[in-house]
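Note sheet for the following structure.
In listed order, ligands and their atoms are each counted from 1. We use all heavy atoms of the structure for the numbers below, so side chains are in, but hydrogens, waters and symmetry mates are not.
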Amino acid sequence: MSAEIVVIGAGVIGLSCAIKLQANFTVTIVAKDFPAPFETIDPIAQINYTSPWGGAHNRWVPPSPSGENAREHAFALTTWKHMRALRDVNPESGITFMKGIEYLEAPSIEYTSLTEARAKELNMEGFRLLQPGEFPDDRVKWGCVYDTWCVNPMVYCCFLLRKFTMGGGRIRKRELRDVAEVFALPPEDFGLGRVDAVVNASGYGIGADPNMYVTKGQTCLVGDPCPATLTRQNADGSWTFSVPRGYDGGTVIGGTKEVDDWGTRPSEEVREKLLGDFRETWPGVPAGRFYTVIADIVGRRPTRKGGPRIEGEAIKDGHFVMHAYGLGGRGYELSWGVAEEVAKRVEDHFA
Ligand SMILES: Cc1cc2nc3c(=O)[nH]c(=O)nc-3n(C[C@H](O)[C@H](O)[C@H](O)COP(=O)(O)OP(=O)(O)OC[C@H]3O[C@@H](n4cnc5c(N)ncnc54)[C@H](O)[C@@H]3O)c2cc1C
Ligand SMILES: *[C@@H]1O[C@H](CO)[C@@H](O)[C@H](O)[C@H]1NC(C)=O
Ligand SMILES: *[C@@H]1O[C@H](CO)[C@@H](O)[C@H](O)[C@H]1NC(C)=O
Ligand SMILES: *[C@@H]1O[C@H](CO)[C@@H](O)[C@H](O)[C@H]1NC(C)=O
């Protein structure tokens, strides 16, 4: 009989882990929030459910010459390849491949050392350095383009949930007080046998880890499509970006990164600044009708000092918990790498 695994969380991380684990285990997802059409997600009551509020695109973060970020880059590559395969086999999955454009005003060593040869070693397909004549203005000091993907978050997460369920996965919509509660749930209420292991993919939700904090992000959803995902990093630390969601989902124009800010309300002033900065960076594009404001978005990136926690832990009574949280602003782009690592470590635990 295969082991029973409970995955806590139905954000992009919990769903991806659950699908990977399903190959060899009996898997149940327990979560307070599940994916649903974007229009039905409540911006206040579900603000802690981060996955609907993401862009979401893949933006390469190159490892430094001394190897920082190497694990994350490997996760991003695994995800990129998996996204391309899914797009080919399941065109309904909400994934669109397009060009990613980057403009940097104050590039760090990770970028200035990123030649086309180095990008090839790092497997960044379609990578090309931009020439100064291609920059939008002279504050930009470095730029590149590459082949990347964007997803429409709720189209994609609903697809993952369907795939999991059609693969025999079970779901329970519950709010838990503690990870350990899963091991104590009465089988008659819960409809499960013994639980052999738990995956903690709770985003920020259970909140006992002192290294966790939130990074608030405000973006603006416009109703129009956009031909590429563009990211500009300004010298003052602010960001300007577009993330086309595809599948009639419009384009996200962003965005702020506000550490430890628990605010829930979008600011109109911030919205006007985001749209204005984007217009300046990409004046001609897209032509005609653009900037039909549909909604202001506020989300909380579940961020962790020291980076994501992807590790197993024996908690009281010898129960095994595999942690998969703290993905910050990179949950989508690292998702399949994280899921593969989680599945491997759970396999090892039972080997
Ligand atoms: C403005 C913005 C833009 C972003 N853009 C991008 C981008 O372009 N690319 C990218 O890769 N990432 C992006 N992100 C980040 C990305 O959205 C997150 O990293 C990702 O959604 C985190 O997923 P998760 O599954 O860890 O958490 P969540 O989506 O928050 O899911 C947590 C799950 O755990 C459940 N849960 C929590 N607590 C409990 C409990 N006590 N009991 C039961 N269930 C519980 C929740 O109900 C939910 O199902 C962006 C985020 C924001 C805010
Ligand atoms: C499932 O188990 C097989 C055999 O042990 C192993 O080769 C495979 O990697 C496992 N699948 C996953 C997704 O971990
Ligand atoms: C979001 O999480 C915070 C911190 O755990 C909590 O105080 C708040 O009540 C949550 N908000 C909602 C709407 O659940
Ligand atoms: C589970 O994840 C949360 C983040 O949502 C973290 O704070 C907590 O420490 C983790 N572990 C346990 C055993 O709760």
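What sits closest to atom 36 (N) of ligand 1 on the protein, heavy atoms only, is Ser202 O, 4.1 Å. The protein heavy atom nearest to atom 46 (C) of ligand 1 is Asp33 OD2, 3.5 Å. Of all protein heavy atoms, the one lying nearest to atom 11 (N) of ligand 2 is Asn24 ND2, 2.9 Å. In terms of protein heavy-atom proximity, atom 10 (C) of ligand 1 is nearest to Gly329 O, 3.4 Å. For atom 15 (C) of ligand 1, the closest non-hydrogen atom on the protein side is Gly328 O, 3.3 Å. Nearest protein neighbour of atom 43 (C) of ligand 1, counting heavy atoms only, is Arg174 O, 3.2 Å. In terms of protein heavy-atom proximity, atom 23 (O) of ligand 1 is closest to Ser51 OG, 3.4 Å. In terms of protein heavy-atom proximity, atom 14 (O) of ligand 4 is closest to Val179 CG2, 3.3 Å. In terms of protein heavy atoms, atom 5 (O) of ligand 2 is closest to Glu347 OE1, 4.4 Å. Counting only heavy atoms of the protein, atom 28 (P) of ligand 1 lies nearest to Thr50 N, 3.7 Å. Ranking the protein heavy atoms by distance from atom 9 (N) of ligand 1 puts His57 O, 3.0 Å first.
Within a 6.0 Å radius of CG in Asp137, other residues, nucleotides and ligands contribute more than 12 heavy atoms. Within a 6.0 Å sphere centred on NZ of Lys120, heavy atoms belonging to other residues, nucleotides or ligands number 12 at most. For Lys163, the NZ atom counts as loosely surrounded, since its 6.0 Å shell holds 12 or fewer non-hydrogen atoms of other residues, nucleotides or ligands. For Glu272, the CD atom sits in a packed shell: over 12 heavy atoms of surrounding residues, nucleotides or ligands are nearer than 6.0 Å.
Aromatic ring orientation, Tyr156 versus Tyr332: tilted (interplanar angle from 30° to 60°). In this structure, Trp142 and Tyr111 have perpendicular ring planes: the angle between them is above 60°, well past the 30° mark. Relative orientation of the Phe350 and Phe25 rings is tilted, given thresholds of 30° and 60° on the angle between their planes. Between Tyr103 and Phe135, the angle of the ring planes goes over 60°, which puts this pair in the perpendicular group of the 30/60° scheme.
The shortest N/O to N/O separation between Ala208 and ligand 4 falls below 3.5 Å. Considering backbone and side-chain atoms alike, Ala324 places every N or O at 3.5 Å or more from each N or O of ligand 1. Polar contact with ligand 4: present for Gly203 (N/O pair, distance under 3.5 Å). Residue-to-ligand polar distances place Lys32 within reach of ligand 1: an N/O pair is separated by less than 3.5 Å. Geometrically, ligand 4 and Arg309 share no nitrogen or oxygen pair separated by less than 3.5 Å. Polar contact check, Glu313 against ligand 4: no nitrogen or oxygen pair lies under 3.5 Å apart. Not one N or O of Ala31 is nearer than 3.5 Å to an N or O of ligand 1, by distance alone. At a 3.5 angstrom cut-off on N or O pairs, Ile13 counts as close to ligand 1. Between Glu333 and ligand 1, a contact under 3.5 Å exists for at least one N or O pair. Taking any N or O of Pro302, backbone or side chain, none lies under 3.5 Å from an N or O belonging to ligand 1. Checked against a 3.5 angstrom limit, the closest N/O atoms of Ile8 and ligand 1 fall outside it. Some N or O of Tyr332 is nearer than 3.5 Å to an N or O of ligand 1, by distance alone.
Proximity to Gly205 (heavy-atom distance under 4.0 Å) selects the following atoms of ligand 1: 37 (C), 38 (N). Near His323, the atoms of ligand 4 lying under 4.0 angstrom from a non-hydrogen atom of the residue are 10 (C), 11 (N), 12 (C), 13 (C). When each atom of ligand 4 is checked for a heavy atom of Asn200 under 4.0 Å away, the hits are 1 (C), 2 (O), 3 (C), 8 (C), 10 (C), 11 (N), 12 (C). Taking a cut-off of under 4.0 Å to the non-hydrogen atoms of Gly205, the atoms of ligand 4 that pass are 5 (O). Of all atoms in ligand 1, listed by their number and element, those nearer than 4.0 Å to a heavy atom of Asn48 are 30 (O). Applying the 4.0 Å criterion to heavy atoms of Ser202 picks out, from ligand 4, the atoms 1 (C), 2 (O), 3 (C), 4 (C), 5 (O). When each atom of ligand 4 is checked for a heavy atom of Ile206 under 4.0 Å away, the hits are 5 (O). Atoms of ligand 2 lying under 4.0 Å from at least one heavy atom of Lys20, given by number and element, are 13 (C).
Nearest heavy atoms, Asp296 versus Pro266: CB-CB, 3.5 Å.
The closest side-chain heavy-atom distance from Met83 to Phe97 is below 4.5 Å.
Both Leu334 and Leu77 belong to a common hydrophobic cluster when Ile, Leu, Val, Met, Phe, Trp and Tyr are linked at side-chain heavy-atom distances under 4.5 angstrom. Side-chain heavy atoms closer than 4.5 Å link hydrophobic residues (I, L, V, M, F, W, Y) into clusters, and following such links, possibly through other members, connects Val346 to Phe75. Val342 and Phe164 fall within the same hydrophobic cluster, defined by Ile, Leu, Val, Met, Phe, Trp and Tyr side-chain heavy atoms under 4.5 Å apart, directly or through other members.
Not a single heavy atom of Val321 sits less than 4.0 Å from an atom of ligand 4. Contact annotation: Val298 has no heavy atom less than 4.0 Å from any atom of ligand 1. Every heavy atom of Val243 sits 4.0 Å or more from the atoms of ligand 1. Under a 4.0 Å heavy-atom criterion, Tyr49 is in contact with ligand 1. Contact annotation: Gly255 has no heavy atom less than 4.0 Å from any atom of ligand 1.
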- [ ] Check step by step if side-chain hydrogen bond (donor to acceptor under 3.5 Å, both in side chains) holds for Thr303 and Thr215.
- [x] CA-CA 7 Å; Thr303 324; Thr215 311; 2.8 Å; yes
TODO: Evaluate the criterion side-chain hydrogen bond (donor to acceptor under 3.5 Å, both in side chains) for residue pair Thr26 and Ser2; output intermediate values, then yes/no.
DONE: CA-CA 6 Å; Thr26 303; Ser2 75; 2.9 Å; yes
TODO: Go through the steps for Glu269 and Ser267 under the test side-chain hydrogen bond (donor to acceptor under 3.5 Å, both in side chains), then give the verdict.
DONE: CA-CA 5 Å; Glu269 197 183 315; Ser267 140; 5.1 Å; no
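The proximity of Pro153 to ligand 1, defined as any non-hydrogen pair under 4.0 Å, does not occur for either the backbone or the side chain. With a 4.0 Å heavy-atom cut-off, ligand 4 is reached by the backbone of Asp209 and by its side chain too.
Distances from atom 52 (C) of ligand 1 to the heavy atoms of Gln218, Arg301, Arg300 show the closest one on Arg301.
Looking at His323, Arg304, Lys305 one by one, the single match for side-chain hydrogen bond (donor to acceptor under 3.5 Å, both in side chains) with Asp209 turns out to be Arg304.
Checking side-chain atoms of Thr50 against main-chain N and O of Arg300 turns up a donor-acceptor pair under 3.5 Å. Under a 3.5 Å cut-off, the side chain of Glu333 and the backbone N or O of Trp60 do not form any donor-acceptor pair.
Within 4.0 Å of atom 2 (O) of ligand 2, at least one protein heavy atom is present.
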